[in-house]
Amino acid sequence: MTVRVGVVGAGWIGHEHIRRLTETITGARVTAVTDIDATRAQEAAAPVGARVLPDRAAVVAADDVDAILVTSWGPTHAEHVLNAIAAGKPVFCEKPLATTAADCLKIIDAETTHGRRLVQVGFMRRHDAGYRQMKQVIDSGRIGAPLIVHCAHRNPTVPESYTSAMAALDTAVHEVDVLRWLLDDEIVSTQVVTPRATTKRFPHLKDPQIMLFETAKGVRIDLEVFVNCQYGYDIQCETVGEEGLVRLPDPAAVGVRTAAQHSTEVLTDWVGRFRDAFDTEFREWIAGIAAGEEPTGPSAWDGYAATVITAATVEALESGHAVSTGLKPRPAFYGGAA
């Protein structure tokens with residue numbers, strides 16, 4: 001079957017996912033688009049032959065829409081996801097699932113009451129080939145029990161509108177999700193320390209930041225978030241176990257030897273670094289819907305955990321103290337203890 005997708009939100013990421021659903025993967029067709037800016041919606045819909053509908057309720061209710069893609073402004077996500085659940089339609093929501101823990105819990109309650117998973121959250125790193133290889137190694141026991149994880153998330157620059165809190169809410173949130181998945185463990189406390197600040201930042205910004213997490217099983221994680229590193233977009237992850245370690249590979253790049261130097265290219269943005277992961281993420285989502293299966297990607301519970309943990313990390317940054325994340329117990333519906 002061809003999965004007919006309705007898109008709520010036609011900004012840059014909405015345009016990009018519409019292109020991906022239309023040109024890169026098979027089995028999907030975008031049939032309806034809406035956006036608060038009608039002109040922007042028309043610009044996204046016209047090239048793919050989709051209808052422009054007046055609002056998100058119309059998209060969710062449309063007879064020619066089998067699944068919903070939410071790529072609107074973050075604070076509106078909860079409303080759109082709840083509407084999709086009420087209509088019984090699968091919904092892919094770009095992060096965040098919601099901007100508050102309370103709204104995340106409303107979504108969890110609605111989906112649990114529905115009785116079947118409908119929600120997938122757009123944490124694409126779980127679909128990256130390197131991270132998947134790391135998880136296979138960790139799960140196999142080849143390096144023994146994980147003890148320590150070292151990570152870095154570096155951007156060349158950020159705009160002046162980027163705030164110190166966004167280092168957790170918009171940047172580190174990807175590590176928060178993928179590390180919970182890699183370790184099959186929950187983050188229970190968070191702390192932030194701020195070393196000497198780079199002179200390349202805007203004056204209001206604390207950069208870099210070092211985030212320290214502890215998991216329920218006692219694994220210690222250190223994450224360097226440096227969003228004005230200048231040299232490129234660089235994602236690093238190394239898990240140290242009792243009997244060895246596993247390290248995330250750098251993206252494949254040719255080595256160049258010239259003028260007495262050996263160099264390899266460093267990517268400059270997240271789009272290039274995770275393009276294949278985005279493609280895999282949507283390919284698997286669409287294939288699951290076509291097969292009548294529940295989504296296997298990040299769940300509403302994962303969206304809740306990310307929102308709670310990053311909010312606690314902002315609190316840790318502002319207070320200067322370690323902060324308990326205060327996560328609720330995972331429901332059996334999402335694989336928790338019965």
Side-chain angles (χ1 to χ4, degrees), residues 13 70-82 93-112 119-126 149 151-153 155 158 161-183 185-194 204-216 219-227 270 298-331 334 336:
I13 194 66
V70 176
T71 51
S72 56
W73 184 45
T76 68
H77 286 188
E79 176 189 353
H80 306 328
V81 172
L82 286 167
C93 180
E94 271 300 346
K95 62 93 178 167
L97 174 65
T99 53
T100 68
D103 278 345
C104 289
L105 291 172
K106 288 179 185 178
I107 292 169
I108 287 170
D109 288 343
E111 189 176 44
T112 303
V119 179
Q120 179 164 324
V121 184
F123 290 118
M124 76 297 191
R125 291 199 190 178
R126 298 190 188 198
V149 184
C151 300
H153 188 144
N155 288 47
V158 289
S161 58
Y162 189 98
T163 66
S164 296
M166 290 170 70
L169 299 175
D170 290 282
T171 301
V173 65
H174 289 288
E175 274 80 14
V176 165
D177 178 74
V178 82
L179 291 171
R180 294 176 53 253
W181 171 74
L182 275 178
L183 300 172
D185 200 356
E186 204 54 86
I187 294 173
V188 296
S189 72
T190 176
Q191 184 177 1
V192 182
V193 294
T194 52
H204 68 272
L205 183 61
K206 294 180 179 179
D207 185 47
Q209 297 178 29
I210 299 173
M211 300 175 185
L212 305 172
F213 303 112
E214 183 178 7
T215 75
V219 178
R220 287 287 186 169
I221 300 165
D222 58 82
L223 167 60
E224 170 203 323
V225 176
F226 187 11
V227 295
W270 56 271
S299 67
W301 177 260
D302 296 314
Y304 159 76
T307 294
V308 170
I309 294 166
T310 53
T313 304
V314 173
E315 181 183 344
L317 170 68
E318 294 172 347
S319 70
H321 302 297
V323 173
S324 171
T325 58
L327 285 172
K328 294 181 178 294
R330 184 196 300 253
Y334 297 104

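The figures that follow rest on heavy atoms only: side chains count, while hydrogens, waters and symmetry mates do not. FYI, the numbering just counts along the sequence from 1. Predicted model only: the values in this text are computed from it and were never measured.
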Applying ring-ring contact (aromatic ring centres under 6.0 Å, His included), name anything that partners F123, two or more places apart in sequence or on another chain. none
Report the residues that fulfil side chain to side chain contact (heavy atoms under 4.5 Å, CB included) with D222, sequence neighbours left out, ordered by chain and then residue number. I148, H150, L212
Quiz: residues 95-106 side-chain donor-acceptor pairs under 3.5 angstrom, not counting sequence neighbours:
unit_1, atom_1, unit_2, atom_2, d
K95, NZ, D170, O, 3.3
T100, OG1, D103, N, 3.1

Can you measure from CD (E79) to OG (S72) and round to the nearest 0.5 angstrom? 8.5 Å
Taking the side chain as C-beta and beyond, is there a heavy-atom pair between S164 and L317 under 4.5 Å? yes
Nearest 0.5 Å, please: how far is CE in M211 from CD in E224? 10.5 Å
Residues in side chain to side chain contact (heavy atoms under 4.5 Å, CB included) contact with A110, at least two apart in sequence or another chain: L82, I85
Closest heavy-atom contact between Y304 and G326? OH-O, 4.3 Å
Using side chain to side chain contact (heavy atoms under 4.5 Å, CB included) as the criterion, list what pairs up with A165, not counting sequence neighbours. T163, L169, V314
Mind checking salt bridge (charged side-chain N to carboxylate O under 4.0 Å, His left out) for E111 and listing every partner two or more places apart, or none if nothing turns up? none
When every non-hydrogen atom of A300 is compared with those of Y334, the smallest separation belongs to CB-OH, 3.8 Å
Test side-chain contact (heavy atoms from CB on, under 4.5 Å), reference V225, set T171, I210, N155, output is T171
Kindly write out the residues that satisfy side chain to side chain contact (heavy atoms under 4.5 Å, CB included) with V158, not counting sequence neighbours, or none if the list is empty. Y162, L205, V227, N228
Residue pairs meeting salt bridge (charged side-chain N to carboxylate O under 4.0 Å, His left out), one or both in residues 205-215, sequence neighbours left out, come to E214-R220
So the side-chain hydrogen bond (donor to acceptor under 3.5 Å, both in side chains) pairs with at least one residue in residues 314-329 (sequence neighbours excluded) are none
I need the minimum non-hydrogen distance between P298 and D177, along with the two atoms involved. CG-OD2, 4.3 Å
By ring-ring contact (aromatic ring centres under 6.0 Å, His included), which residues pair with H153, not counting sequence neighbours? Y233
Within a strict 4.5 Å, meaning less than it, do heavy atoms of the V219 and F213 side chains meet? no
As an exercise, state the distance from CD1 of I187 to CG of L179, rounded to the nearest 0.5 Å. 6.0 Å
Residue pairs passing the salt bridge (charged side-chain N to carboxylate O under 4.0 Å, His left out) test with at least one member in residues 298-312, sequence neighbours excluded, are R126-D302, R180-D302
When every non-hydrogen atom of I107 is compared with those of V119, the smallest separation belongs to CG2-CG2, 4.3 Å
Where do A306 and V176 come nearest, in terms of heavy atoms and distance? CA-CG1, 4.2 Å
Say you draw a straight line from OG1 of T313 to CG of L223; how long is it, rounded to the nearest 0.5 Å? 9.0 Å
Shortest non-hydrogen contact from C93 toward H77: SG-ND1, 3.4 Å
Suppose we screen for salt bridge (charged side-chain N to carboxylate O under 4.0 Å, His left out). Which residues come up paired with E94, at least two apart in sequence or across chains? none
For I309 and E186, what are the C-alpha separation, side-chain angles and deciding distance, and is it a side chain to side chain contact (heavy atoms under 4.5 Å, CB included)? CA-CA 10 Å; I309 294 166; E186 204 54 86; 4.0 Å; yes
